[in-house]
Undergrad: 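The structure that follows is given in the form of structure tokens.
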Amino acid sequence: MRFRTGLFLVTIIITACVRKGETKKQVETVIAHKIDLVAVLDTIWQTEQVPIRKRDSAFREYGDKSDSYKKYQSIYKKNHIVNEQKITEILKDGWPRIEEIGEQGNITICNVLQHSGPEIRLKYLPLMRQATKNKQLSPWLLARTEDRIATDRGELQIYGGQIKYYPETNTFDVWPIVDPENVDKRRAEIGLESMAEYLKTRRFPLEWNLENQIRRTAIFESEKTKNQ
């Protein structure tokens with residue numbers, strides 16, 4: 001996916017700068033910075049997501065022991081290290097304005113953070129919350145991170161955005177959700193589709209079974225209580 005929307009928004013910003021009496025040199029500097037940022041994010045998206053898609057395709061066809069799967073997993077891991085460093089540099093002065101990077105830019109940044117370790121997600125969570133409050137980040141991206149942090153901590157997730165691989169059954173399933181009966185209501189409140197629709201569009205499509213998820217949540221809570 002390319003950042004055409006971001007480039008269009010950059011043009012709007014440049015026009016606004018000219019109207020405010022910026023010098024030609026200042027405007028050119030702004031143009032160079034915005035276009036460079038969009039280009040960097042575009043590269044990050046491609047190098048992060050392409051090997052993931054190929055890895056997942058290899059998994060579905062050959063399994064995680066195959067050479068094809070291992071090849072793309074290795075490429076993804078190497079690329080991610082570089083991409084995480086780039087995102088850290090981008091975020092050092094705060095969350096970029098959506099007028100600079102567009103929605104796709106935000107998705108790219110959040111995807112890299114999702115693929116990083118728990119300490120990275122926690123580090124940037126306050127920044128994400130502030131960006132959401134300032135209307136610079138879509139609530140669903142924040143919700144996805146909140147869910148990921150909950151699963152990192154071994155807690156019930158809120159919006160159902162995290163799907164985990166369970167090696168004991170060799171299957172993927174939704175990580176247990178708090179109050180699953182009302183998860184669609186919570187999702188709708190932040191502009192998300194229903195769980196049934198969401199699971200259809202995942203890389204590994206699943207069927208939403210509310211009764212099964214209620215049962216899984218009850219088991220999760222029972223086991224957690226026993227271990228406390």
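Values reported hereafter were calculated over all heavy atoms of this structure, with side chains retained and with hydrogens, waters and symmetry mates removed. Along the sequence shown, residues are numbered consecutively beginning with 1.
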Undergrad: Around atom NZ of Lys224, are there more than 12 heavy atoms from other residues, nucleotides or ligands closer than 6.0 Å?
TA: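 For Lys224, atom NZ is crowded (more than 12 foreign heavy atoms under 6.0 Å).
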
Undergrad: Taking only distance into account, with no hydrogens and no angle test, what donor-acceptor pairs under 3.5 Å do side-chain atoms of residues 130-144 form with protein atoms, sequence neighbours excluded?
TA:
| residue | atom | partner | partner atom | Å |
| --- | --- | --- | --- | --- |
| Gln130 | NE2 | Asn134 | OD1 | 3.1 |
| Thr132 | OG1 | Met128 | O | 2.9 |
| Asn134 | ND2 | Gln130 | O | 3.3 |
| Gln136 | OE1 | Ile98 | N | 2.7 |
| Gln136 | NE2 | Asn134 | O | 3.4 |
| Ser138 | OG | Glu103 | OE1 | 3.0 |
| Ser138 | OG | Glu103 | OE2 | 2.9 |
| Trp140 | NE1 | Glu103 | OE2 | 3.4 |
| Arg144 | NH1 | Asn111 | OD1 | 3.0 |
| Arg144 | NH2 | Asn111 | OD1 | 2.6 |

Undergrad: Step by step, work out the side chain to side chain contact (heavy atoms under 4.5 Å, CB included) result for Glu193 and Leu199.
TA: CA-CA 10 Å; Glu193 73 274 56; Leu199 293 179; over 6 Å; no

Undergrad: Quick one: is the NZ or CZ of Arg55 closer than 6.0 Å to the six-membered ring centre of Tyr76, and within 45° of its axis?
TA: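 Cation-pi check for Arg55 and Tyr76: passes.
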
Undergrad: Has Tyr165 got more than 12 heavy atoms of other residues, nucleotides or ligands less than 6.0 Å from its OH?
TA: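 Above 12, so yes.
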
Undergrad: Quick one: closest heavy-atom pair of Asp147 and Gly160, and the distance?
TA: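 Answer, listing the atom of Asp147 first, then Gly160: OD2-N, 3.1 Å.
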
Undergrad: Please answer whether the main-chain N or O of Arg53 pairs with a side-chain N or O of Ser57 as donor and acceptor at a distance below 3.5 Å.
TA: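 A pair under 3.5 Å: no.
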
Undergrad: Minimum heavy-atom separation for Pro180 to Ile177, with atom names?
TA: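 Minimum heavy-atom separation between Pro180 and Ile177: CD-O, 3.3 Å.
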
Undergrad: Hey, does Lys54 have a side-chain heavy atom less than 4.5 Å from the side chain of Gln73?
TA: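 Sidechains of Lys54 and Gln73: no contact.
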
Undergrad: Check for a donor-acceptor pair, side chain of Gln162 on one end and backbone N or O of Gln157 on the other, with a separation under 3.5 Å.
TA: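 No.
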
Undergrad: Considering only heavy atoms from C-beta outward, does the side chain of Asn83 approach that of Trp45 to under 4.5 Å?
TA: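 Result no, sub-4.5 Å side-chain heavy-atom pair not found.
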
Undergrad: Hydrophobic clusters here meaning ILVMFWY residues chained together by side-chain heavy-atom distances under 4.5 Å, can you tell me if Val50 and Tyr69 are in one?
TA: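 No, Val50 does not connect to Tyr69 through the hydrophobic network.
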
Undergrad: Should the heavy atoms of other residues, nucleotides or ligands under 6.0 Å from CD of Glu207 be counted, would the total exceed 12?
TA: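 At most 12 heavy atoms, drawn from other residues, nucleotides or ligands, come within 6.0 Å of this atom.
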
Undergrad: What about Val82 and Leu91, same hydrophobic cluster or not, with Ile/Leu/Val/Met/Phe/Trp/Tyr joined at side-chain heavy-atom distances under 4.5 Å?
TA: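 No, Val82 does not connect to Leu91 through the hydrophobic network.
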
Undergrad: Indicate yes or no for a side-chain donor-acceptor contact from Ser74 to the backbone of Lys71 under 3.5 Å, with no hydrogens or angles considered.
TA: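 Not confirmed, Ser74 side chain does not pair with Lys71 backbone.
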
Undergrad: Begin from the C-alpha positions of Leu37 and Ile90 and carry the test side chain to side chain contact (heavy atoms under 4.5 Å, CB included) through to its verdict.
TA: CA-CA 8 Å; Leu37 180 56; Ile90 290 172; 3.8 Å; yes

Undergrad: Is there a side chain to side chain contact (heavy atoms under 4.5 Å, CB included) between Ile52 and His80? Walk through the geometry before answering.
TA: CA-CA 10 Å; Ile52 287 177; His80 175 74; over 6 Å; no

Undergrad: How far apart are the closest heavy atoms of Asn79 and Pro51, and which atoms are they?
TA: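 Nearest pair, atom of Asn79 first, then Pro51: ND2-CG, 4.0 Å.
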
Undergrad: Test your reading of the model: is there a side-chain donor-acceptor pair from Arg121 to the backbone of Gln114, 3.5 Å cut-off?
TA: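 Judged by distance alone, yes, a pair lies under 3.5 Å.
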
Undergrad: Say whether Ile87 and Leu127 are linked into one hydrophobic cluster, either directly or through other cluster members, by side-chain heavy-atom distances under 4.5 angstrom.
TA: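 Yes; Leu127 is reachable from Ile87 via cluster members.
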
Undergrad: Can you check whether Leu122 reaches Arg153 side chain to side chain, under 4.5 Å on heavy atoms?
TA: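 They are in side-chain contact.
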
Undergrad: Any carboxylate oxygen within less than 4.0 angstrom of a Lys/Arg side-chain nitrogen, looking at Glu189 and Arg186?
TA: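 The answer is no: the pair does not qualify as a salt bridge.
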
Undergrad: Would you check if Asp184 and Arg187 make a side-chain contact, meaning some heavy-atom pair closer than 4.5 Å?
TA: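 The answer is yes; the side chains approach within 4.5 Å.
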
Undergrad: Could you list all the ring-ring contact (aromatic ring centres under 6.0 Å, His included) pairs where at least one residue sits in residues 206-228, not counting sequence neighbours?
TA: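 Listed by first then second residue: Trp175-Phe220.
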
Undergrad: So, are Lys164 and Asp173 salt-bridged, with charged N and O less than 4.0 Å apart?
TA: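 Salt bridge absent between Lys164 and Asp173.
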
Undergrad: Is it the case that atom CG in Asn182 sees more than 12 heavy atoms from other parts of the structure closer than 6.0 Å?
TA: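 Yes - once you tally the heavy atoms of other residues, nucleotides and ligands closer than 6.0 Å, there are more than 12.
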
Undergrad: Quick one: does Glu100's side chain have a donor or acceptor within less than 3.5 Å of a partner on Arg97's backbone?
TA: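 Side chain of Glu100 to backbone of Arg97: a pair is present.
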
Undergrad: Are the aromatic ring centres of Phe59 and Tyr72 under 6.0 angstrom apart?
TA: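 No, the ring centres sit 6.0 Å or more apart.
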
Undergrad: Quick one: do Tyr124 and Thr88 satisfy side chain to side chain contact (heavy atoms under 4.5 Å, CB included)? Show the steps, please.
TA: CA-CA 9 Å; Tyr124 291 107; Thr88 299; 3.4 Å; yes

Undergrad: Spell out, as yes or no, whether a donor-acceptor pair under 3.5 Å connects the side chain of Asp152 to the backbone of Pro118.
TA: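 Here the side-chain-to-backbone pair does not exist.
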
Undergrad: Passes side chain to side chain donor-acceptor pair (under 3.5 Å), Ser68 versus Ser66? Steps please.
TA: CA-CA 5 Å; Ser68 183; Ser66 66; 5.2 Å; no

